[in-house]
Every structure is written in structure tokens, then in C-alpha cells.
Amino acid sequence: MKIAILSRNRRLYSTRRLVEAATARGHEAKVIDVLRCYMNIAPHHPEIHYRGKKLEGFDAVIPRIGASVTFYGTAVVRQFEMMGVYTLNESVAITRSRDKLRAHQLLAREGIGMPVTGFAHAPDDTADLINLVGGAPCVVKLTQGTQGRGVVMCETDKAAESVIDAFRGLDAYFLVQEFVEEARGADIRCLVIGDRVVASMMRQARIGEFRSNLHRGGAASKVRITPQERSTATRAARLMGLSVAGVDILRSKNGPVVMEVNSSPGLAGIESTAGVDIAGRIIELLEKNTRPGRRRPRRRA
Ligand code: ADP
Ligand code: MG
């Protein structure tokens, strides 16, 4: 197979591992920076050009679209779809999971556990919004944040009001969430490939911090997940329409609650912690899904 790995940086661990795994299995892998792609949207002849040449002959695409380039990145993935190239995660699924409001609404509709969550842009009644999630302590998050940035814990209603006022001043969308205290600064990342959780890890926030992101100094360790956590993770990924996803779960007193479904989950950390060749499993899934006769029907964008 000739595989396009859409990534802005070939030196990133995940990108390198995917190239390595593809090459080891006899495929040709090319790393393509989405921001350098340009396209024509002509009827019947969709094309993508890159560094002065037309991209041709690709059998599959692995999108690794960073949060800061979601808009253009998903447009490039969509163009590959228009050209009939198999994409590991479809553009519409990436868009769906990136939009935290949309993702939460879909998960809620299907009865998947999540922290009680309120969404707002410029609420007139901040106190009522805080009440909606049961009052302080609560967490206020910018919807477009990643790696724990823009996630604030508010221990009192007064603190929550101040943070909400500040976010409102930024003209940004945010959500207010019940603080899942019993998780004690730990969350579980489940890596879903196809319809299975192939690896998981627990991330524990460092002392004095509630955010468990590895970028915030969180520590990863092995974890055994429960059947309920396993089914929550696979259902969440399936609902988003993602073939590969990192589903983040908190252990709450009411069972597992989904915090986030990530369409380009990082492989660093989880491969070594869980001892699983995740890159290899991703290439295996591509092989399976691009076999003749297994082509995904062309979907609406
Ligand atoms: P990001 O997209 O920036 O990673 P998250 O929503 O995943 O934002 O939040 C970052 C971290 O903060 C989580 O990994 C978790 O440890 C902690 N956290 C977020 N929301 C809650 C919550 N409602 N209750 C308890 N901890 C939370
Ligand atoms: Mg997160």
C-alpha cells in the first residue's frame, strides 16, 4: 500500500512510529504536511497538490490533525475522500469529536456517562449556569483547549463566577462541568482501534494538580480496565464514527464518565506503558479495511 500520513512534523514520536510500522510491513509511507496541500474542487476530477506535484496513487490516509489546524486539516482529509482514498478516520468523524459541544450532545443522547456539563457563550445569569452543574467545586474549560490548557478548577461559586466572567470577556465558548473529585486527579486513556480497546493507561496528576495530562507533568501507569469502562470507550468511539480514538474516562462514583474522545491520540507514553505496538495495529486495521471489496461507501461530508 501507499499510505499518506498527514502530520505537520515527521519528527513527532507518533508520526515516526507510524512510518516505521508501515515500512516494516512492506508499505510505502509518505508524511504530508496538510497546511502545504492545495486542492482543486472541480467536478469529477478532485486533486490535491503538494510541493508543486499532484498527489497520486495513495491507497490510504492516516490523518494526524492537530487541534490548531482542524479546519484546513479536515478539508484535506475530505478531499482525499472525494478522490476515493480510504481514510483511517473520516473527516466528518474528526470534526464531530473535535467540537466538544457536539461530541457531548451525541454522547448524552446515547446515554454514555459524562460529567454533568453546561455550555455557554455569554450567559446573562452566571449563577444559574453554575447551579446547573451542582455548584462549586466545578471545572470551567475553554472548548478549544488541549493538553490541559484552558481548564480551570473553581473551588467556590465566587471563583467560578470570576473565571466565567473572564472567559466571557475573551468572546470564547466554554463549558462548566461538575468536578469529579473521587477520580483524585487520575483519568484513564483507552486506545480504541476498530471496535476494541487495544491499550489503556492511567494518568495521575502530580501533587497539587488536578489535571492528569502528561504535558502537565502527569505520570502514566498500567491499569486494568473494567468491562464497563471497555464498553464505554468502544461505544464512545463508535458514536463519533472514529476507527481509531483515544477515549478519556474518569472513574466517578456513578461509574465511568467520558471526558473527551480524541481523533489523533498520541502514541508516546501509551505504547511503552501498555507494552502494545499500537502503530502496528493501526497499519493492520488499514490493511484489513482497504482490502478489495471492503471499500467504504462514499459518504456525505
Ligand atoms: P484537554 O482537552 O485540555 O486535555 P480535558 O477536558 O481533558 O482538557 O481536561 C484536562 C484534565 O483535567 C483531565 O485529563 C482531567 O485529569 C482533569 N479534568 C477535566 N475535567 C474534569 C472534571 N470534570 N473532574 C475532574 N477532573 C477533570
Ligand atoms: Mg484531555
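A quick note: this is a predicted structure, and the numbers were derived from the prediction, not measured. Both ligands and their constituent atoms are indexed starting at 1 by order of listing.
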Report summary line: Joining Ile, Leu, Val, Met, Phe, Trp and Tyr whenever any side-chain heavy atoms lie under 4.5 Å apart, the cluster holding L175 also takes in L101, F119
Query raised in the report: Is a side-chain N or O of E182 found less than 3.5 angstrom from the main chain of K253, in a donor-acceptor match?
Result: yes
Query raised in the report: Starting from atom 16 (O) of ligand 1, which protein heavy atom do you reach first, and at what distance in Å?
Result: S212 OG, 2.9 Å
Query - Contacting atoms of ligand 1, where contact means under 4.0 angstrom from a heavy atom of D187 - result: 14 (O)
Kindly list each side-chain donor-acceptor pair under 3.5 angstrom involving residues 257-265, sequence neighbours excluded, with atom names and distances?
unit_1 : atom_1 : unit_2 : atom_2 : d
N262   : OD1    : S264   : N      : 3.0
S264   : OG     : I65    : N      : 3.1

Requested in this report: Determine whether the side chain, the backbone, both or neither of R184 has a heavy atom under 4.0 Å from any heavy atom of ligand 1.
Outcome: neither
Report task. Could you list which atoms of ligand 1 come closer than 4.0 Å to a heavy atom of F179? Result -> 24 (N), 25 (C), 26 (N)
Report task. Name the closest protein heavy atom to atom 17 (C) of ligand 1, giving the residue it belongs to and the distance to 0.1 Å. Result -> F210 O, 3.7 Å
**Report entry** For atom 12 (O) of ligand 1, the protein heavy atom that lies nearest, with its residue and separation
**Finding:** R211 CG, 3.3 Å
Query raised in the report: Which pair of heavy atoms, one from M114 and one from A108, lies closest together, and at what distance?
Result: CE-N, 3.3 Å
Report task. Provide the protein N, O or S atoms situated under 2.8 Å from the Mg ion (ligand 2); waters are not included. Result -> E260 OE1
Report task. May I ask whether L250 and I188 are part of the same hydrophobic cluster, defined by side-chain heavy atoms of I, L, V, M, F, W, Y residues being less than 4.5 angstrom apart, directly or through others? Result -> no
Requested in this report: Check whether any heavy atom of D248 sits under 4.0 Å from an atom of ligand 1.
Outcome: no
Query raised in the report: Is the closest side-chain heavy-atom distance between R251 and M202 below 4.5 Å?
Result: yes
Report task. May I ask which of E181, M153, K100, E178 has a heavy atom nearer to atom 23 (N) of ligand 1 than the others do? Result -> E178
Query - Minimal non-hydrogen separation, E178 against V116, with atom names - result: OE1-N, 2.7 Å
Query - For atom 7 (O) of ligand 1, closest protein heavy-atom neighbour - result: E260 OE1, 3.0 Å
Query raised in the report: So does R203 pair up with D187, basic N to acidic O under 4.0 Å?
Result: yes
Query raised in the report: Applying a strict 4.0 Å limit to heavy atoms, is G148 in contact with ligand 1?
Result: yes
Query raised in the report: Can you tell which part of Q147 has a heavy atom less than 4.0 Å from ligand 1: side chain, backbone, both or neither?
Result: backbone
Requested in this report: Using a strict 4.0 Å threshold on nitrogen-to-oxygen distance, state whether R25 and E287 make a salt bridge.
Outcome: yes
Query raised in the report: What residue and atom, counting heavy atoms only, is the protein's closest point to atom 9 (O) of ligand 1, and at what distance?
Result: V151 CG2, 3.9 Å
Table please: side-chain donor-acceptor pairs of residues 162-170 below 3.5 Å, with sequence neighbours left out.
unit_1 : atom_1 : unit_2 : atom_2 : d
S162   : OG     : K158   : O      : 3.0
R168   : NE     : P123   : O      : 3.4
R168   : NH2    : P123   : O      : 2.5
R168   : NH2    : T126   : OG1    : 2.7

**Report entry** Residue and atom name of the nearest protein heavy atom (relative to atom 15 (C) of ligand 1), distance in Å to one decimal
**Finding:** M259 SD, 3.7 Å
Requested in this report: Answer yes when E110 and R235 have at least one side-chain N-carboxylate O distance shorter than 4.0 Å, and no when they do not.
Outcome: no
Query raised in the report: When you measure from atom 10 (C) of ligand 1 to every protein heavy atom, which one gives the shortest distance, and what is it?
Result: N213 OD1, 3.2 Å
Query raised in the report: Considering only the protein, which heavy-atom contact is closest to atom 6 (O) of ligand 1, and what is its distance?
Result: K141 NZ, 2.6 Å
Query raised in the report: Do R206 side-chain atoms and A219 backbone N/O form a donor-acceptor pair below 3.5 Å?
Result: no
Requested in this report: Of the side chain and backbone of V180, name the one, both, or neither that has a heavy atom under 4.0 Å from an atom of ligand 1.
Outcome: both
**Report entry** Salt bridge R10-D33, side-chain N to carboxylate O under 4.0 Å
**Finding:** no
Query raised in the report: Angle class for the Y173/H121 ring planes (parallel below 30°, perpendicular above 60°, tilted otherwise)?
Result: tilted
